[in-house]
Asker: 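First the structure, then my questions, so here it is.
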Amino acid sequence: MFLDKSRQLRQNCSGQYTMSKVNSAANEKERKHIVKETETILKRFTRKKQYLIPILQGVQGKLGYLPRESMLKIADYLGIAAIDVYSVVTFYNQFRLNPPGKHSIRVCLGTACHMKGGYITLDAWKRRLKIDSGETTPDREFDLDIVACVGCCTMAPVTVVDEKPEGQVEPTRVDGLLLGFGYEEGKKEKEKSESK
Amino acid sequence: MKASELPAAAVFREIKERAESHVRELKQNKTYIMVGAATCGRAAGALDVLKAFREEIKKHNLDCPVIEVGCMGHCYAEPIVIIGKPGYPAICYGYVNPVIAERLVNEFILGENPCPEFVIGALEANDMLPSFQDFPRAEHEQKIVLKNCGHIDPADIEQYIAAGGYAGLAKILGMAPQNVIDEVKKSGLRGRGGAGFPTGIKWQYCRDAKRTPRYVICNADEGDPGAFVDRAILESDPHSVIEGIIIAGYGVGARYGYIYVRAEYPLAVARLETALKQAKKLNLTGSHVLGSDFSFDIQIFQGSGAFVCGEETALIASIEGNAGMPRYRPPYPAVQGLFGKPTVVNNVKTLAYVPRIINNGAEWFRGIGSRESPGTAVFALAGKIVNTGMVEVPMGTTLRQIIFNVGSGIPNKKSFKAVQIGGPSGGCLPEAALDLPVDFDSLQNAGAIMGSGGMVVCDEEDCMVEIARYFLEFTQRESCGKCTFCRLGTKQMLELLADFTQGKGKIEDIDLLEKLAGEIKAGSLCQLGRTAPNPILTTLRYFRQEYEEHITLGRCPALMCQDLIAYYILPDKCERSCDACVGECTVEAIYSHPKKRYKIIDQEKCVKCGTCLKACPPQYNAIVKLSPPSEVPEDNLKEKAQKSKP
Ligand SMILES: Cc1cc2nc3c(=O)[nH]c(=O)nc-3n(C[C@H](O)[C@H](O)[C@H](O)COP(=O)(O)O)c2cc1C
Ligand code: SF4
Ligand code: SF4
Ligand code: FES
Ligand code: FES
């Protein structure tokens, strides 16, 4: 439930860190898609500020994250400043500012999992995917994040892979799971250098 | 006579009769199968088991309902299945998989072999199989809010009604609202959301604040990263919570109810949605509930994952569409809450007790538990304990009884070190505190809190400094940033603790930490900030020596802190011809001694993942953790130097 993104906001408050990066549509086609989906969601709500969070949840449910275009549209619709939308988005752990990967990796760092080495598992994922938690791999295959207790502490340490909790995910299991996705270390680089 | 003219009791009687005949049809004189499919069960593969049963039943063309139920609390043995067959007691099976499912159908349901090898226990005492009553834990357990969990289908309102559900609602509709509040006051029920505030008194405040409309909010935010009781109740018995909300609504004179549930609990949300629809259909909510003058509607609000939103004023801000930041109290929400109107905020468990209190009477409830804390305590047991899962015991049961009798103690022959209660706001209690009776006040005196019901057991391999750091990292991240002390103070404390776990601390820092803790307690607005130092204060109080060892010797006695340990292969023990660890190491840090053939860990490459330690065959057991890392013998490091030279 807690994403590393929230850390960025808290640190914004103390003025020590930079703002979280807002992502925009990559091209016109994507922009149109974003606008269309956002409008469909907006139609379900009246223009009351109390619907801001359900609207954001709806849009993220459709798009997987909250791009700049959506936030602006929502602000406009509710008649509130864009910064107010941004501040709510960055306050809550649930909302993402970057597009999700094809596969989502959520490492449980609830108390039980932490004590059974969840942090070691997280390191292993970071090492293999070469990203930090809260990030998406450049090829948009995987995104990595942490969650708190998902309720299967018996199987700690747990990683939720594409919504399915996997138990006893230790570093070797990390490699095993990645292998299951046909992702081997160095494979991508090799392919690249071969195609050159 | 029109339905709306019938008194509520008569309308309800009809509903109840229908429900009872439905359940009779479902289960009586018939074989039935119940599969526990709450989140933890699903994670362990309960849905596959469910499918396997359904397929087998269909294949053999049997008249045997396969019912999806919630969580029985025996999470350690998931997936769990209960089979009822005429002529047998209802039997509970554990660790079921599709293959076992098939066998159970063929041997027990079609045959007469109850397959004792898969049995955990029978639900009733009998002379065929051991029953739960024979377990040592049965002596301590008493189920009130967990009573239905795992025994009824949460998606079938009639099973809840047949089990006595909604009778409390039917009863109070014939009572004056003030009498409902009086009954709850008399029961001595205290809020289970953390602080233990008397529920009846809170309701009275709300009722006495004359403005309308009033609201009831069920707090299902459950942000403690080690607790899952509220979720399990919502997934397994959502109607008991809904009934509690309606009764609270009637008592305080509210028109609307909200359930604030975390969006990260998708199954709980789905169960609630179904349950609310069913309740509305039977007119248990909506306008003129059961034909009375009382109208009440409930809606779900999905929280977006911020620990601080569990705090009632932050929760209200969040429903209003704002960032969830707490505000100063008073005014309390009971007087001025949602949209400025009187609002009762109660925890899931608190509300789940209410129907039972109404049904059985305040006296009954008072008779359970201790004087100042009547009723039961519900905990999510996790960590280094054999029987992980949910336990419900009368208040006043000791920690030792919960951990060793109900939870069956510490696995792998390790010894008990501490128990963490109350999550990020709670504390770590040592062996010496084990005979403490569990209730709101005694836990508080020991420095922990009842909190949301997370109980995490630590063994000798868990480092107390690291646990304090873990919780501080959590609160620091979750601080909403409103108060300077909470925002910056937690950050400072976290930095100090991180230094300790890296062996960089100074001995004076311990005093600094204590001073900061006091200031943060005094200078923070909400309980998040005020309780954030608890994990540090309790570990300092009971395990100070461990802090000192980290600082002065750079040593982590529990061998947990990554920066203070090194993995080392004992040359004498390493079996030359074995290379189990070499292949397992995820970063290829292990190599053979060029001449002597034993294995050596390249300390610079090693990322301390611990894989090799598990890979080394138990008969050799050659890999150990050393702390501080300087314990690794010089010559072992030299080998590396030699190797790197061509
Ligand atoms: C940081 C923080 C988090 C909280 N989280 C929860 C929670 O997850 N669930 C809950 O019921 N109460 C939580 N509370 C307590 C609520 O503020 C409130 O006291 C409680 O919901 C009242 O219900 P009760 O009277 O039934 O205990 C939290 C309080 C604080 C300060
Ligand atoms: S104590 Fe912390 S979490 Fe609570 S209001 Fe202040 S800053 Fe926010
Ligand atoms: S601890 Fe991990 S990284 Fe280090 S040697 Fe062992 S397997 Fe390799
Ligand atoms: S702490 Fe990870 S599943 Fe509970
Ligand atoms: S037995 Fe299912 S959640 Fe625990």
Side-chain angles (χ1 to χ4, degrees), chain A residues 1-4 6-7 9-14 48-54 56-57 78 84 87-88 90-95 108-117 119-121 123-124 127-128 147-156 158 160 163-167 170-172 174-175, chain B residues 38-40 42-44 75-76 78 223-228 231-232 262-264 301-307 309 318-324 380 382-384 388-389 420 423 454 456 458 462 467 470-471 474 476-481 487-488 491 562 584 586-587 607-611 614:
Chain A
M1 59 139 250
F2 51 88
L3 313 183
D4 272 10
S6 62
R7 181 178 304 164
L9 168 83
R10 307 298 186 268
Q11 287 156 350
N12 287 345
C13 299
S14 47
K48 274 200 198 150
K49 170 139 194 241
Q50 73 190 81
Y51 296 124
L52 175 56
I53 292 171
L56 291 170
Q57 285 168 339
L78 296 176
D84 289 342
S87 88
V88 167
T90 48
F91 186 87
Y92 293 102
N93 299 318
Q94 186 195 9
F95 298 125
C108 180
L109 285 190
T111 318
C113 285
H114 175 78
M115 280 168 37
K116 291 199 178 159
Y119 54 98
I120 295 177
T121 306
D123 276 346
R127 198 162 50 237
R128 286 300 186 242
V147 289
C149 187
V150 286
C152 25
C153 314
T154 5
M155 311 195 309
V158 171
V160 187
E163 318 270 296
K164 184 176 184 311
E166 299 277 352
E170 288 166 352
T172 38
V174 169
D175 291 347
Chain B
T39 300
C40 85
R42 289 178 179 212
C75 302
Y76 57 93
E78 291 276 14
D224 171 355
F228 49 86
R231 194 215 52 217
R262 297 173 49 184
E264 290 92 333
F301 189 94
Q302 295 192 32
S304 308
F307 176 56
C309 284
S318 169
I319 296 183
E320 289 169 349
N322 299 313
K384 310 288 174 64
T388 45
Q420 210 287 340
V456 183
C458 311
D462 294 314
I467 294 220
Y470 165 77
F471 281 114
F474 180 81
Q476 186 270 331
R477 180 166 46 214
E478 295 293 322
S479 161
C480 80
R487 185 181 69 232
L488 299 177
K491 202 164 161 54
Q562 291 279 34
E584 285 290 295
T586 49
V587 292
V607 294
K608 302 179 186 175
C609 68
T611 308
K614 286 176 200 125

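In the text below, chain A, chain B and the rest are named by the order of the sequence lines, each starting its count at 1.
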Asker: Looking only at side-chain N and O atoms, does A:Asn93 offer a donor or acceptor that is under 3.5 Å from a partner on B:Glu478?
Answerer: yes
Asker: Grab the two heavy atoms, one from A:Gly110 and one from B:Tyr470, that are nearest each other, plus how far apart they are.
Answerer: C-OH, 3.0 Å
Asker: So which of B:Val456, B:Thr611, B:Asn322, B:Asp462 has the largest heavy-atom pair count under 4.5 angstrom toward chain A?
Answerer: B:Asn322
Asker: Given side chains that start at C-beta, do those of A:Leu109 and B:Phe474 come closer than 4.5 Å, heavy atoms only?
Answerer: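 Not in contact.
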Asker: Take B:Glu78 and A:Met155, measure what side chain to side chain contact (heavy atoms under 4.5 Å, CB included) needs, and give me the verdict at the end.
Answerer: CA-CA 10 Å; B:Glu78 291 276 14; A:Met155 311 195 309; over 6 Å; no
Asker: Would you please test B:Val607 and A:Asp123 for side chain to side chain contact (heavy atoms under 4.5 Å, CB included) and show each step?
Answerer: CA-CA 9 Å; B:Val607 294; A:Asp123 276 346; over 6 Å; no
Asker: Should A:Tyr92 and B:Ser318 count as side-chain neighbours, where that means a heavy-atom distance under 4.5 Å?
Answerer: yes
Asker: Relative to chain A, which segment of B:Glu320 carries a heavy atom at a distance below 4.5 Å: side chain, backbone, both, or neither?
Answerer: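 Just its backbone gets close to chain A.
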Asker: With a sphere of 6.0 Å drawn around NZ of A:Lys49, does it hold more than 12 non-hydrogen atoms of other residues, nucleotides or ligands?
Answerer: yes
Asker: Answer with side chain, backbone, both or neither: which region of B:Lys614 has an atom nearer than 4.5 Å to a non-hydrogen atom of chain A?
Answerer: side chain
Asker: How about A:Thr172 and B:Glu584: do any of their side-chain heavy atoms sit closer than 4.5 Å?
Answerer: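 A:Thr172 reaches B:Glu584 side chain to side chain.
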Asker: Is there side-chain contact between B:Cys458 and A:Met115, with heavy atoms separated by less than 4.5 Å?
Answerer: yes
Asker: Below 4.5 Å, heavy-atom pairs only: which of A:Asp175, A:Ile120, A:Val160, A:Leu78 has the largest tally toward chain B?
Answerer: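 Maximum pair count with chain B is reached by A:Ile120.
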Asker: When rounded to the nearest 0.5 angstrom, what is the spacing between CD1 in B:Ile467 and OG1 in A:Thr111?
Answerer: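 Between atom CD1 of B:Ile467 and atom OG1 of A:Thr111 there are 8.0 Å.
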Asker: For B:Gln420, which atoms come within 4.5 Å of any heavy atom of chain A: side chain, backbone, both, or neither?
Answerer: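 The answer is neither part of B:Gln420.
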Asker: Side chains of B:Thr586 and A:Arg128: closer than 4.5 Å at any heavy-atom pair?
Answerer: yes
Asker: Does A:Lys164 reach the side chain of B:Arg42, with side-chain heavy atoms less than 4.5 Å apart?
Answerer: no
Asker: Got a second to check how far B:Cys609's SG is from A:Tyr119's OH, nearest 0.5 Å?
Answerer: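 Rounded to the nearest 0.5 Å, the SG-OH separation comes out at 11.5 Å.
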